[in-house]
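Just below is one structure, and these are the notes that go with it.
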Amino acid sequence: MLTLKPGLRLYKTALDRAAQQALLADLRDILRQAPLFQPVMPHSGKAFSVRMSNCGPLGWVSDISGYRYQETHPETGRAWPPMPESILRLWRDHADYDGAPDACLINFYDALARMGPHQDRDEISFDAPILSVSLGDSCRFRYGGETRSGPSETIRLDSGDILVFGGPARKMFHGVDKILPGTSTLLSPPARINLTLRRAR
Ligand code: MD6
Ligand code: FE
């Protein structure tokens, strides 16, 4: 475990190849029930380059009217699939927090997708950390401080890495500058999946 900043912990290769494949099999089941959707930015309606889905009691969505957590898929209207044990275990083993996550956002990146700098602040309380899991292609991940344009650093996140944003790092700006296409053979065609486990309520 590497502490990158106070509250920001990186567990390199927390999941070995077999664990990544097992998690991926669970994700394929989830995505069959709750297909990836293309969120759009509030107000502008501009599409994200990342496609998304969720599992757990609540899911994060973004549409023309805003960002929020909701109990149902925006297109199918059905409840999100439950969080599998493989995901809950990652939280228990790395989050260092009493209490289970109630939302798991699934971000899907093709080679050209990216995620602009943002803070995660749609949750009711910030005492719980956010735990992030990377699968598939590596990315260049940017993290900074209190402001969008303030000083920042980049790290490479590889398949199987877990990053925990807690304490003073919980509301830090961060984003995905670039996918490094073809750096992993886990997914075919090559892509990156990121899971973020949260306590939304
Ligand atoms: C990503 N991650 O890695 C995007 N948010 O694809 C996030 O936006 C993120 O990694 C909150 C906490 C950890 C994260
Ligand atoms: Fe985020």
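Read the numbers this way: they start at 1 and go in the same order the structure lists the ligands and their atoms. The model shown is predicted, which means the values in this text are computed figures rather than measured ones.
Near D120, meaning under 4.0 Å from one of its heavy atoms, ligand 1 places the atoms 5 (N), 11 (C).
Salt bridge status for D127 with R199: absent, with no side-chain N to carboxylate O gap under 4.0 Å. Salt bridge present: R201 and E71 bring a charged side-chain N and a carboxylate O closer than 4.0 Å.
Atom CD of E85 sits in a crowded spot, with more than 12 heavy atoms from other residues, nucleotides or ligands closer than 6.0 Å.
Summary: OD1 is the N/O/S atom of D120 found nearest to the Fe ion (ligand 2).
Geometrically, K171 engages F126 in a cation-pi contact defined by less than 6.0 Å to the ring centre and at most 45° from the axis. A cation-pi arrangement, defined by a distance under 6.0 Å to the six-membered ring centre and an angle within 45 degrees of its axis, is present between R192 and Y109.
Relative to atom 2 (N) of ligand 1, the option among N194, L197, V133 with the closest non-hydrogen atom is N194. Summarising the contacts of atom 3 (O) of ligand 1 with R198, R192, H174, the nearest heavy atom is found in R192. Residue S132 holds the heavy atom nearest to atom 10 (O) of ligand 1 of all those in S132, S134, G175.
A donor-acceptor contact shorter than 3.5 Å is absent between the side chain of E153 and the backbone of R142.
At the top of the distance list for atom 12 (C) of ligand 1, counting protein heavy atoms only, stands I130 CG2, 3.3 Å. Regarding atom 6 (O) of ligand 1, its nearest protein heavy-atom neighbour is Y109 OH, 2.4 Å.
Remark: at the Fe ion (ligand 2), atom NE2 from H174 and atom NE2 from H118 enclose 90°, rounded to the nearest 10 degrees.
Separation of the H94 and Y11 ring centroids falls under the 6.0 Å cut-off.
At least one N/O-N/O distance between H118 and ligand 1 falls below 3.5 Å.
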